[in-house]
Amino acid sequence: MEVVILPGTKQIGALAADAIEALVRRKPNAVLGLATGSSPLPIYDELARRYEAGSVDFSEAHGFALDEYVGLEAGHPESYREVIRREFTNRVNIKPENVHGPDGAAEDLEAACQAYEDAIKDAGGVDLQILGVGTDGHIGFNEPGSSLASRTRIKTLIEQTRKDNARFFNSIDDVPHHVVTQGLGTIMDARHVILVATGAQKAQAVRDFVEGPVAAICAASVLQMHPHATILVDEAAASSLKLADYYRHTYDNKPEWQGL
């Protein structure tokens, strides 16, 4: 796990976009794992800017969303299919048919979950997965207590997560109780994971999953076991890290050839 502490969201977005641009240049049909929420927005904004400038081409790339609410009608503005279209894929030239998400409206959710796992596998697996992290350490919608080996499945949201997401809805009463999410085992299969965390409200979660034990109570801690996990945090989110100075020193002295 590499921890990179940066001044703010602009620098975080640019560094993550560098890695994605390099990947797509190297592998035009790269498979991207797409997250929602506020954390990835600086990345999507920077990638859209670079696309408009002609420096990156997504025409052969594929995207797989992390999760989806259960029970929202098709086209609901806060369904993650719509959010990803609005925040990223409609702003670049990735083909609509190459963007996939779990089916939270399926009659047979168990079968839909397995179909999603199969679709990721058939695409060759995720090359680079973008992640945010919740205040309780969840990634995707893998809430505290999730199996570290879990696959795509239905999950019940804890109330804190519903409260955190209520800002995207008219009220907390409109936030669904259930989701379909890639599991921690599914996420761990990605070849490179980039997790973004910003703000003081994420400081405790960052400390717990970076420097605490690997445990189901903090789902993101499983990333300590990933062979290529990059954690991009601002100063506020890094404020509780015991080894913050070491992380800064390591990044400042990193050989250029290592990349992100």
Side-chain angles (χ1 to χ4, degrees), residues 6 8-69 72-105 112 115-132 139-140 152 168 180-182 186-187 189-196 198 228-230 232 259-260:
L6 296 166
T9 57
K10 183 176 180 180
Q11 293 83 1
I12 288 172
L15 190 60
D18 286 346
I20 294 167
E21 181 177 347
L23 168 64
V24 174
R25 285 177 178 272
R26 184 173 69 250
K27 184 181 180 183
N29 64 341
V31 177
L32 303 177
L34 304 174
T36 55
S38 57
S39 296
L41 295 182
I43 304 173
Y44 298 151
D45 288 344
E46 179 63 15
L47 289 172
R49 187 194 67 78
R50 295 184 188 195
Y51 165 71
E52 290 293 339
S55 66
V56 61
D57 177 16
F58 293 97
S59 61
E60 297 181 41
H62 294 254
F64 283 85
L66 265 178
D67 38 41
E68 182 58 277
Y69 289 113
L72 294 185
E73 65 272 17
H76 189 288
E78 295 310 323
S79 76
Y80 286 150
R81 285 177 181 265
E82 292 302 314
V83 172
I84 284 174
R85 288 190 186 108
R86 185 167 65 244
E87 301 294 354
F88 178 54
T89 60
N90 281 356
R91 302 168 67 192
V92 298
N93 65 331
I94 190 168
K95 295 182 176 70
E97 61 268 27
N98 287 351
V99 182
H100 313 275
D103 186 357
Y116 200 58
E117 287 278 333
D118 294 342
I120 294 172
K121 182 178 179 180
D122 291 346
V126 173
D127 291 299
L128 189 152
Q129 177 67 59
I130 301 168
L131 294 174
I139 51 176
T152 301
F168 299 116
V180 173
T181 183
Q182 288 186 36
T186 313
I187 291 168
D189 285 345
R191 286 178 272 278
H192 184 191
V193 171
I194 295 179
L195 184 148
V196 173
T198 59
H228 191 188
T230 305
L232 304 181
L260 190 64

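FYI, side chains are in, hydrogens and waters are out, and symmetry mates aren't considered; it's all heavy atoms of this structure. Index from 1, following the sequence. If you're wondering where the values come from, they're calculated on a predicted model, not measured in any experiment.
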To the nearest 0.5 angstrom, please state how far the [atom1] atom of [X] sits from the [atom2] atom of [Y].
| X | Y | atom1 | atom2 | answer |
| --- | --- | --- | --- | --- |
| T89 | N98 | OG1 | CG | 10.5 Å |
| D57 | R25 | CG | CZ | 9.5 Å |
| L47 | I20 | CG | CD1 | 4.5 Å |
| Y80 | T181 | OH | OG1 | 9.5 Å |
| L131 | I139 | CG | CD1 | 5.5 Å |
| E78 | T36 | CD | OG1 | 9.5 Å |

If you look at every heavy atom in [X] and [Y], which pair is closest and at what distance?
| X | Y | value |
| --- | --- | --- |
| R191 | G125 | NH2-O, 3.2 Å |
| I84 | A65 | CD1-CB, 3.4 Å |
| A48 | V92 | CA-CG1, 4.0 Å |
| A112 | D103 | CB-O, 4.1 Å |
| G132 | A35 | N-CB, 4.5 Å |
| A19 | I194 | CB-CD1, 3.9 Å |

Evaluate the side-chain contact (heavy atoms from CB on, under 4.5 Å) criterion for residues D189 and V126: first the C-alpha distance (whole Å), next the side-chain angles of each, then the deciding distance (0.1 Å), finally the verdict. CA-CA 7 Å; D189 285 345; V126 173; over 6 Å; no
Contact between [X] and [Y] at the side-chain level, heavy atoms closer than 4.5 Å - yes or no?
| X | Y | answer |
| --- | --- | --- |
| K27 | N29 | yes |
| Y44 | I130 | yes |
| Q182 | I120 | yes |
| P77 | R86 | yes |
| S59 | K95 | yes |

Salt-bridge present ([X], [Y]; N to O < 4.0 Å):
| X | Y | value |
| --- | --- | --- |
| D18 | R50 | yes |
| E117 | K121 | no |
| E52 | R49 | no |

Check whether any side-chain N or O of [X] sits under 3.5 Å from a backbone N or O of [Y] as a donor-acceptor pair, and report yes or no.
| X | Y | result |
| --- | --- | --- |
| H228 | L260 | yes |
| R81 | V99 | no |
| E68 | G104 | no |

Full working for side-chain contact (heavy atoms from CB on, under 4.5 Å) between I187 and L66: CA-CA 8 Å; I187 291 168; L66 265 178; 3.9 Å; yes
May I ask you to check whether F88 and F58 place their ring centres under 6.0 Å from each other?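 Between F88 and F58, which both carry aromatic rings, the centre distance is below 6.0 Å.
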